[in-house]
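Input: a single structure, listed below in structure tokens.
Scope of the values below: all heavy atoms of this structure, side chains included, with no hydrogens, waters or symmetry mates. Quick note: residue numbers are just sequence positions, from 1.
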Amino acid sequence: MFKNILLAVDGSECSNKALTCAQDMARTYRATLWLVHVFAHPSDLLGYDDFEKLYAKRKHAGQSVLDAAREILGESDIKVREDLCEGPEAETILNCAENIQAYLIVMGTRGMGALKGLLLGSISRKVIHYASCPVMVVH
């Protein structure tokens, strides 16, 4: 049924709970689990002397999130791939899902209050709205 499951990770507690669910689903369906982390491109800092350092720092922090997710998975009997991406979070997750032909997107929610989520919009809400495949959001 599922060949590719995309798990959006950000290192939060909810993301780690989503990791456990995604791992179980990947095992059950013998799917490839794609760990995807999106970091913001520091375009707002273009032209500054330290731009390259800031970019490298954000990229390194993103790789650390992926490494931590791999550590939580431990030795696993499922196929795990990872993708470190830059860009707007929701749009980049959706693009990754399309590129890998994801059958399911799994992600955590940080449990923002209803008013804050309404005013700012949330990444999970955007992904749910625009995804061409099912989305599981884990609290």
Within this structure, what is the [atom1]-[atom2] distance for the pair [X] and [Y], rounded to the nearest 0.5 Å?
X     : Y      : atom1 : atom2 : value
Gln63 : Phe39  : CD    : CZ    : 10.0 Å
Leu73 : Glu82  : CG    : CD    : 10.0 Å
Ser12 : Leu19  : OG    : CG    : 10.5 Å
Lys3  : Thr32  : NZ    : OG1   : 10.5 Å
Arg27 : Leu33  : CZ    : CG    : 10.0 Å
Leu6  : Tyr103 : CG    : OH    : 14.0 Å

Tell me the closest heavy-atom pair linking [X] and [Y], and the distance in Å.
X      : Y      : answer
Gly11  : Val65  : N-CG1, 3.7 Å
Glu86  : Val38  : C-CG1, 4.4 Å
Val36  : Cys85  : CG1-SG, 4.4 Å
Gly108 : Val137 : C-CG1, 4.3 Å
Lys17  : His139 : CD-O, 3.4 Å
Ile123 : Glu89  : CD1-CB, 3.5 Å

Answer yes or no: is there a side-chain heavy-atom contact under 4.5 Å between [X] and [Y]?
X      : Y      : value
Cys133 : Ile105 : yes
Leu104 : Val106 : yes
Lys59  : Leu84  : yes
Met107 : Met136 : no

May I ask you to check whether Asn4 and Trp34 show a side-chain donor-acceptor distance below 3.5 Å?
->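 Result is yes, a qualifying pair exists.
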
Between Asn95 and Glu91, is any side-chain donor less than 3.5 angstrom from a side-chain acceptor?
->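 Note: Asn95 and Glu91 side chains miss the donor-acceptor criterion.
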
Step by step, would you call Arg70 with Leu35 a side-chain contact (heavy atoms from CB on, under 4.5 Å)?
-> CA-CA 8 Å; Arg70 283 261 191 185; Leu35 304 176; 4.0 Å; yes

Just by modelled atom types, is the Val9 backbone N or O under 3.5 Å from a matching donor or acceptor in the His37 side chain?
->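 At least one qualifying donor-acceptor pair exists.
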
Arg58 side chain to Ala40 main-chain N or O, any donor-acceptor pair under 3.5 Å?
->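 Checking the backbone N and O of Ala40 against the side chain of Arg58, a donor-acceptor pair under 3.5 Å is found.
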
